[in-house]
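Below is one structure, written out as structure tokens; comments come after it.
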Amino acid sequence: MPEFDFDLFIIGAGSGGVRASRVAASHGARVAIAEDHRVGGTCVIRGCVPKKLLVYAAQFSDDLHDATSFGWDISASTFDWATLRDNVANEVTRLEGLYGQTLANNKVTLFAERASIAEPHIVRLASGKEVTAGTILIATGGWPHVPDFAGREHALTSNEMFHLPELPRRILIAGGGYIANEFSGVFCALGSDVTVINRGDRILRGYDDQIAQRLLQISTEKGIDFLFHTEIQSIEKLADASLRVHLTSGDPIDVDSVLVAAGRVPNTTGLGLAEAGVKLDAHGAVIVDDQWQTSVDSIFAVGDVTDRVQLTPVAIREGHAFADNRFGGKNIRVDYSNIPSAVFSNPPIGAVGLTEAEAREQGLDVQIYTSDFRAMKNAFVGNSERALYKMIVDGATDKVVGLHMIGPESPEILQAAAIAVKAGLTKADFDATIALHPSMAEELVLMK
Ligand code: NDP
């Protein structure tokens, strides 16, 4: 008889948890996973995937407008939110099924209920059943943070945005990060009046200043209103069901929906972690070492619940490496340097490596190369929107230490260019590559 019911019990069937389950099972481990919502987690169910589909929907707005310059007559184009919403929901359900299939194919036992830790080797399920495991993995992700203000129950988070009964005619979005800029781009393109309020004086902290500034300029030209140094004081529901948002500065704004996108907090409440001896940081994140082991030997954690890099591919890489190391006898480390990232704003942003400010802080001999251009298609249709590519080079070594792009298809282009930056290639290597013409990506090898 084995000592435990399972070799590995995972709490949370999101990106990190599902990957860890599959890899551990492939090494012969007996694996169980608990999920109290839907298999797939934030990315698949209420994050990256449905968001990207909304971004695709929004792009048609510009494309349909531009089509006439290319000779197409699209006289009767209308948009129906309910069709998009329901099709997105169906796609999410299809992917949820595929994730569930992955678990089944790998003989992972799924408990579709909430789980918490009773003891270092015991998981307690909502049904009251207790299950023992040699190793427990916390992969519970994060949850939107909504600051405390009167009427916060009237505010939506990204969780609810995919289920809106109708497209809001007017929407106020609080926050200046990923979610605020992605949803403001989507709703503006779909026809809503969009106001973004931000507590600070800039959007996309962490991204290169010039790139963030370019997005702000383009977004403003598209008609999005930005208010800085402004927070929500309270939300009042009016008789006609619209919402009056009182702000810390300026006049109140009446809207149909309020989205709060003020960051995400680790999902650690009610998991019995502190009681089991698992140390959390001041923000409630699980503290782990470079093998994702917590302060309790049998308990590990990967992904957003550790609040290090809140990106799906990082959680997947961590879950994979954890399972390989713990059950496959490997010793894999995850290299957190030069992680590419994207903001699916309109236009989108792609970035890898150091920003100009970070490179200067590190005391590098900073050399900046840029390409500020109008994409051929934009020029053709009379759209003044300009793309900006920016390369940060360390003059001492000629190495490209940062690459930042805003413009059509930037994330697609950046992913390939990130390989060069990760590999430590130099500006001379970029310049030695002959341009692929005509493309936007060719600007990468033509930067002055
Ligand atoms: P972000 O961390 O990107 O941005 C949070 C924003 O809210 C910032 O502008 C921040 O201001 C502001 N803020 C933070 N706390 C408060 C507060 N108490 N009151 C008012 N404003 C506040 O978070 P998001 O919610 O946009 O996204 C959550 C996470 O999800 C991201 O960090 C990212 O990791 C992930 N994500 C990734 C995506 C992608 O890869 N494309 C897409 C969507 C989400 P300040 O700058 O002053 O701190």
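When a ligand or atom number is given, it counts from 1 through the structure's own listing order. As a basis for the values below, the full set of heavy atoms in this structure was taken, side chains included, without hydrogen atoms, waters or symmetry mates. Positions are given from 1, in the same order as the sequence printed here. Just so it is clear, the model here is predicted, and its values are computed rather than measured.
Atom 26 (O) of ligand 1 has Ile179 N, 2.8 Å as its closest protein atom, hydrogens excluded (heavy atom only). Nearest non-hydrogen protein atom to atom 7 (O) of ligand 1 is Ala262 CA, 3.2 Å. Scanning all protein heavy atoms for the shortest distance to atom 8 (C) of ligand 1 gives Gly176 N, 3.8 Å. Nearest to atom 1 (P) of ligand 1 among the protein's heavy atoms is Gly177 CA, 4.0 Å. When only non-hydrogen protein atoms are considered, atom 25 (O) of ligand 1 lies nearest to Gly263 N, 2.8 Å. Scanning all protein heavy atoms for the shortest distance to atom 42 (C) of ligand 1 gives Glu182 OE1, 3.2 Å. From the protein, the heavy atom lying nearest to atom 30 (O) of ligand 1 is Arg264 CD, 3.5 Å.
In terms of N/O distances under 3.5 Å, ligand 1 is not approached by Gly175. Every N/O-N/O distance between Val343 and ligand 1 stays at or above 3.5 Å. On a distance-only criterion, Gly200 and ligand 1 share no N/O pair closer than 3.5 Å. The shortest N or O to N or O distance between Tyr178 and ligand 1 is under 3.5 Å. Considering backbone and side-chain atoms together, Phe344 places no N or O closer than 3.5 Å to any N or O of ligand 1.
Rounded to the nearest 0.5 angstrom, Phe162 CZ and Asp86 CG are separated by 14.5 Å. For the atom pair Glu412 CD and Met405 CE, the distance stands at 10.5 Å (nearest 0.5 Å). Atoms OG1 and CG, from Thr268 and Asp307 in turn, are 9.5 Å apart once rounded to the nearest 0.5 Å. Atom CD of Glu442 is separated from atom CE of Met447 by 11.5 Å, given to the nearest 0.5 angstrom.
The distance from ligand 1 to the heavy atoms of His145 drops below 4.0 Å at these ligand atoms: 18 (N). Listed by number with element, the atoms of ligand 1 under 4.0 angstrom from any heavy atom of Ala261 are 5 (C), 6 (C), 7 (O), 25 (O). In the vicinity of Ala342, heavy-atom distances shorter than 4.0 Å reach the ligand 1 atoms 39 (C), 40 (O), 41 (N). Residue-ligand proximity, Leu311 to ligand 1, at heavy-atom distances under 4.0 Å covers atoms 40 (O). Listed by atom number, the atoms of ligand 1 under 4.0 Å from Pro147 heavy atoms are 17 (C), 18 (N), 19 (N).
Stacking of Lys427 on the aromatic ring of Tyr369 is recorded, both the 6.0 Å distance cut-off and the 45° axial limit being met.
Counting heavy atoms closer than 4.0 Å to ligand 1, residue Asn198 contributes side-chain atoms (C-beta onward) but none from N, CA, C or O. Of all the heavy atoms of Thr312, none lies under 4.0 Å from any atom of ligand 1, so neither backbone nor side chain is involved. Here Glu231 has side-chain heavy atoms under 4.0 Å from ligand 1, and that is the only part of it that gets that close.
In this structure, Trp81 contributes its side chain and Leu164 its backbone to a donor-acceptor pair below 3.5 Å.
Within the set Gln310, Arg199, Lys51, the minimum heavy-atom distance to atom 11 (O) of ligand 1 is found for Arg199.
By the 4.0 Å heavy-atom criterion, Arg202 is excluded from the residues contacting ligand 1. Assignment of Ser341 to the shell around ligand 1 is not supported, since no heavy atom sits closer than 4.0 Å.
The neighbour count for Arg205 CZ, taken as heavy atoms of other residues, nucleotides or ligands under 6.0 Å away, does not exceed 12. Dense packing is recorded around CD of Glu153, with more than 12 heavy atoms of other residues, nucleotides or ligands lying under 6.0 Å away. Other residues, nucleotides and ligands contribute more than 12 heavy atoms inside 6.0 Å of the CD atom of Glu113. Heavy atoms from other residues, nucleotides or ligands lying under 6.0 Å from NZ of Lys399 number 12 at most. Counting non-hydrogen atoms of other residues, nucleotides and ligands closer than 6.0 Å to CG of Asp251 gives a total of 12 or fewer.
Looking at Thr248 and Phe149, their side chains never come closer than 4.5 Å, going by heavy atoms from C-beta outward.
In this structure, a donor-acceptor pair under 3.5 Å is absent between the side chains of Thr135 and Ser298. Remark: the Gln101 side chain and the Asn105 side chain contain an N/O donor-acceptor pair separated by less than 3.5 Å.
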